[in-house]
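Below: the structure, in structure tokens.
In what follows, chains carry the letters A, B, and so on, assigned in the order in which the sequence lines appear, proteins first and then strands, with residues in each chain numbered from 1. These values consider heavy atoms only, across backbone and side chains, with no hydrogens, waters or symmetry-generated copies.
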Number of protein chains: 2
Amino acid sequence: MSSAGTPERADSARVVESFGPRRVLRPSVKVLPEQARAHNRSLVLQTLYRSGPLSRADLARETGLTRVTIGDLVGELIAESLAHELGVRIDATRPGKPATLVDLHRDGHRIVGLDLSDTDVFRGALIDLNGTILQRRDADARGLTGDEATAAVVELARSLVELADRPLLGIGVGSPGIVDLSGTVLSAPNRGWVDEALQARLEREFATPVIVANDANAAALAEYGFGGASADLMLITVGYGVGAGLLLDGTPLFGSRFAAGEIGHVVVGTDGGDACACGKRGCLETWLAVPRLTARLDSGLDRETVLRQAGERLGIALAPIVGALNLSEVVLSGPPALLEGALAAATVETLRQRTMAQFHGELTVRMTSLGEDIVMRGTAVMVLSARLGVS
Amino acid sequence: MSSAGTPERADSARVVESFGPRRVLRPSVKVLPEQARAHNRSLVLQTLYRSGPLSRADLARETGLTRVTIGDLVGELIAESLAHELGVRIDATRPGKPATLVDLHRDGHRIVGLDLSDTDVFRGALIDLNGTILQRRDADARGLTGDEATAAVVELARSLVELADRPLLGIGVGSPGIVDLSGTVLSAPNRGWVDEALQARLEREFATPVIVANDANAAALAEYGFGGASADLMLITVGYGVGAGLLLDGTPLFGSRFAAGEIGHVVVGTDGGDACACGKRGCLETWLAVPRLTARLDSGLDRETVLRQAGERLGIALAPIVGALNLSEVVLSGPPALLEGALAAATVETLRQRTMAQFHGELTVRMTSLGEDIVMRGTAVMVLSARLGVS
DNA sequence: TTTGTTAGTACACCTTACGAACAAACATTT
DNA sequence: AAATGTTTGTTCGTAAGGTGTACTAACAAA
């Protein structure tokens with residue numbers, strides 16, 4: 001190692017994302033037995049989370065691990081009160097020793113989820129491990145920017161943390177704007193945030209795991225985790241602006257600058273369009289954002305025509321994406337009165353007309369089933385994933 | 001077991017470690033020590049591949065593993081003749097026992113790569129571990145379909161396998177059409193292939209690891225592995241048809257039906273266009289495919305105008321994709337005389353006009369530097385990744 | 001009561017990686 | 001020339017993880 005780098009420097013115990021000139025194979029990180037154990041532990045947690053109460057033998061069959069190992073891991077989880085025994089199974093049809101059921105301690109922990117996507121209000125909720133919202137708290141957010149906005153977020157979080165009657169699994173936050181992997185809001189124009197280290201701030205404040213992510217990504221995770229969506233999914237959020245969250249093989253896509261999903265200011269079509277605040281003409285937002293839609297509807301234009309046109313434009317914008325990613329599911333989130341019906345129908349119709357239909361036999365475009373809670377429940381998924389998921 | 005006192009304490013202590021990665025709950029597979037070993041073994045292979053000859057101590061520093069473990073792993077690799085010692089390092093400036101350098105046995109193995117993307121010819125090459133093409137063999141492919149085409153592929157592979165003077169690491173094939181993860185060509189209209197199990201066939205024939213993948217995906221891997229491209233990349237292939245290969249974080253994207261990248265028949269723009277063989281009007285192929293371009297140029301239209309228009313249309317089609325995925329690099333593969341210059345310039349210009357430029361400050365659109373060998377060298381990357389890479 | 005099945009655990013064993021210690025081989029200093 | 005210090009690579013014993021085998025407990029069916 002004479003030419004490149006000094007050997008002594010490499011005392012750091014792991015290989016970080018070092019950019020070699022020719023990275024055919026991706027340098028990874030060493031794996032120790034300890035991490036293998038953590039992986040298997042997560043596997044047990046996930047299996048319990050998905051498949052409800054199970055016996056240790058069930059877990060062994062499901063995971064492929066032996067009953068011995070499962071017994072050990074379950075013991076560890078019970079000792080940490082992440083899991084607990086429910087007593088013997090009453091299903092007495094089978095011979096043999098009756099199984100003692102084990103389950104996640106679903107009522108033993110709470111999650112705090114915050115949704116900062118609305119212009120006027122910060123929404124928060126206390127959520128259990130099933131994603132059920134137990135309590136809600138809102139905070140007025142009109143006009144809040146910079147430190148003021150941050151302070152309001154902290155206070156809203158505090159009110160919910162104090163409400164929690166069980167140990168907190170973590171705090172999840174869905175924020176508008178560009179959010180990097182460390183939970184720093186790189187840019188959120190509406191709040192005047194630039195490089196706002198929201199996750200670090202909340203972690204310091206509450207000494208609890210915190211995950212801050214983009215609101216549309218959180219929504220996509222909610223649709224996957226609680227909405228029954230598939231693992232390849234594009235979720236379109238329509239509100240004051242237009243955004244998207246992309247899930248590929250169950251993993252959120254972030255993009256090279258963490259700006260994946262920012263499709264609001266992509267120009268749609270080749271026939272002009274209205275002027276946009278960004279300076280261009282015909283951005284997707286000029287066709288689809290709620291203020292634009294309501295303005296058009298209020299101006300007396302035919303409702304059906306306006307909504308169909310918006311749906312068509314969405315379809316035009318999505319067609320290359322759906323084609324390139326071979327997506328089979330697009331979910332819309334926003335005011336149902338606007339999105340449902342004509343708009344969604346026009347979108348799917350346009351998509352079919354502009355892509356190779358045979359690759360998308362099951363292409364669906366539908367409204368979310370999670371309503372206004374989608375982002376908050378998505379943040380719960382993020383916390384669950386970070387605390388229980390596989391690394 | 002938790003030797004850390006109360007459950008609550010152990011709980012929050014574990015938090016920090018299991019934190020960071022963002023992956024949704026996804027049933028995974030158990031990890032045994034054996035697989036951890038395989039992972040670390042791959043880590044050593046990758047480090048050697050990237051950083052040339054290294055001593056065992058270098059490897060230990062680089063990977064974070066101990067010299068002991070590295071010694072063991074290297075011994076294993078040498079026993080399999082995947083690696084070999086090069087003698088002591090001549091760099092005598094440092095004190096201490098001189099290091100014995102170890103490197104991949106780069107000249108100890110061969111890869112056979114096949115490129116089936118051309119209409120008229122099947123291209124093949126014998127490739128070494130550095131991706132250098134040692135020998136070439138072509139086969140006439142005009143009009144070949146079905147079993148005939150398959151037989152020609154097998155024979156081309158055989159001629160190259162027989163040429164190999166070293167043990168074969170594997171055979172890589174880049175095929176047009178839709179290819180699933182098992183290397184079955186689900187659909188390749190030009191060859192009349194439907195559910196053609198090409199990979200299985202070749203594996204049976206040569207008793208060697210074989211990887212069959214889509215040609216555009218292979219090309220994208222080549223650009224990443226040998227062309228100096230970043231890990232987030234879209235590679236556009238322009239030829240008889242138009243296709244794309246997507247690399248996200250270094251991993252090829254396949255899509256829900258393995259049809260990711262099939263953008264040739266996405267309709268571009270909202271102002272009509274020529275009729276396409278697929279039945280629609282204004283597909284990307286009608287603007288960009290080589291036969292269409294040459295026809296237009298031959299018809300006496302202004303060369304600059306024709307190429308600029310094609311580039312604009314490509315930009316229009318790519319804008320939503322680049323925006324949604326936050327891509328920073330687009331690479332073109334095809335006839336340089338057509339793609340370089342006006343066409344590429346118009347593409348990048350259009351992209352900047354139709355997306356949010358600030359998210360793509362470094363957005364580049366360029367020709368591949370690998371020329372006609374791009375697919376074959378990409379198949380070498382696939383083989384290298386499968387044989388040496390992390391699973 | 002006997003037989004067969006299922007659940008969960010105890011124990012020995014294998015694999016993996018680590019830390020400590022050491023010899024070999026060199027440069028530098030005394 | 002000898003002593004000192006540095007670096008390399010190996011040997012040895014140890015800790016952690018998981019498995020396989022064998023065991024007990026608890027039940028149903030004959």
Side-chain angles (χ1 to χ4, degrees), chain A residues 1-2 6-11 13-14 29-44 53-79 83 85-102, chain B residues 1-4 17 29-44 53-79 83-102:
Chain A
M1 194 146 188
S2 52
T6 60
E8 293 79 10
R9 284 300 314 270
D11 55 352
R14 59 202 195 87
V29 183
K30 64 174 175 178
V31 168
L32 304 183
E34 179 189 355
Q35 291 154 329
R37 170 101 174 169
H39 181 103
N40 289 335
R41 189 187 124 113
S42 285
L43 180 57
V44 170
L54 292 174
S55 73
R56 290 171 174 82
D58 292 334
L59 280 168
R61 280 186 290 264
E62 193 85 13
T63 60
L65 294 162
T66 59
R67 292 202 303 270
V68 180
T69 305
I70 290 294
D72 194 38
L73 285 168
V74 167
E76 185 180 304
L77 295 177
I78 289 178
E85 293 191 341
L86 300 179
V88 292
R89 174 184 277 148
I90 44 171
D91 172 349
T93 62
R94 294 187 303 179
K97 174 179 171 180
T100 44
L101 291 174
V102 178
Chain B
M1 246 298 293
S2 67
S3 57
E17 298 156 24
V29 194
K30 63 174 176 177
V31 168
L32 303 183
E34 179 189 356
Q35 290 153 326
R37 168 105 174 164
H39 180 103
N40 290 334
R41 189 186 123 113
S42 285
L43 180 57
V44 170
L54 293 174
S55 73
R56 292 169 173 83
D58 292 335
L59 279 168
R61 280 186 291 264
E62 193 85 15
T63 60
L65 296 162
T66 59
R67 292 203 305 268
V68 180
T69 306
I70 291 294
D72 195 39
L73 285 168
V74 166
E76 186 180 304
L77 295 177
I78 289 178
H84 62 166
E85 293 191 342
L86 300 179
V88 293
R89 172 185 280 150
I90 43 171
D91 172 350
T93 62
R94 294 186 303 179
K97 174 178 172 181
T100 44
L101 291 174
V102 177

Review point. Quick one: on DNA chain C, does A/Leu101 or B/Leu73 contact a more 5' nucleotide (nearest heavy atom)?
Key: A/Leu101

Check the distance between [N]'s [atom2] and [X]'s [atom1] and give it to me in whole angstrom.
| X | N | atom1 | atom2 | result |
| --- | --- | --- | --- | --- |
| A/Arg56 | D/dT24 | CZ | P | 20 Å |
| B/Leu59 | C/dA17 | CG | P | 14 Å |
| B/Gln35 | C/dC14 | CD | P | 20 Å |
| A/His39 | D/dA16 | NE2 | C1' | 17 Å |

Practice item. Quick one: list whatever passes side chain to side chain contact (heavy atoms under 4.5 Å, CB included) with A/Pro53, sequence neighbours left out. Key: A/Leu86, A/Leu101, A/Asp103

Revision key, fill the gap. Hits for side chain to side chain contact (heavy atoms under 4.5 Å, CB included) against A/Ala60, two or more places apart or cross-chain, chain-then-number order -> A/Arg67, A/Ile70

Check your understanding: With sugar-phosphate meaning primed atoms plus P, OP1 and OP2, does A/Asn40 contact a base, only sugar-phosphate, or nothing at under 4.0 Å between heavy atoms?
Key -> sugar-phosphate

Exercise for review: Please work out if B/Arg41 contacts a base, only the sugar-phosphate, or nothing of the nucleic acid, heavy-atom cut-off 4.0 Å.
Suggested key: nothing

For [X], all residues meeting side-chain hydrogen bond (donor to acceptor under 3.5 Å, both in side chains), sequence neighbours excluded:
| X | answer |
| --- | --- |
| B/Asp72 | B/Arg37 |
| A/Glu85 | A/Arg56 |
| A/Arg61 | A/Asp58 |

Exercise for review: Rounded to the nearest 0.5 Å, what's the gap from CG on A/Leu65 to CG on A/Asn40? Could you check?
Suggested key: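 Atom-to-atom, A/Leu65:CG and A/Asn40:CG are 4.5 Å apart.
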
Practice item. Specify the residue among B/Asp72 and A/Ala36 whose closest nucleotide of DNA chain D lies further upstream toward the 5′ end. Key: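 Upstream on the strand: B/Asp72.
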
Exercise for review: Please state whether the phosphate of D/dT7, meaning OP1 or OP2, lies under 4.0 angstrom from any side-chain nitrogen or oxygen of B/Ser55.
Suggested key: no

Exercise for review: Considering just the side-chain nitrogens and oxygens of B/Arg37, establish if one lies under 4.0 Å of OP1 or OP2 belonging to C/dA17.
Suggested key: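 Yes, within the criterion.
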
Exercise for review: If a protein heavy atom is under 4.0 Å from the base, mark B; if only from the sugar-phosphate, S; if neither, -; do that for nucleotides 18-23 of chain C going 5' to 3'.
Suggested key: BBB---

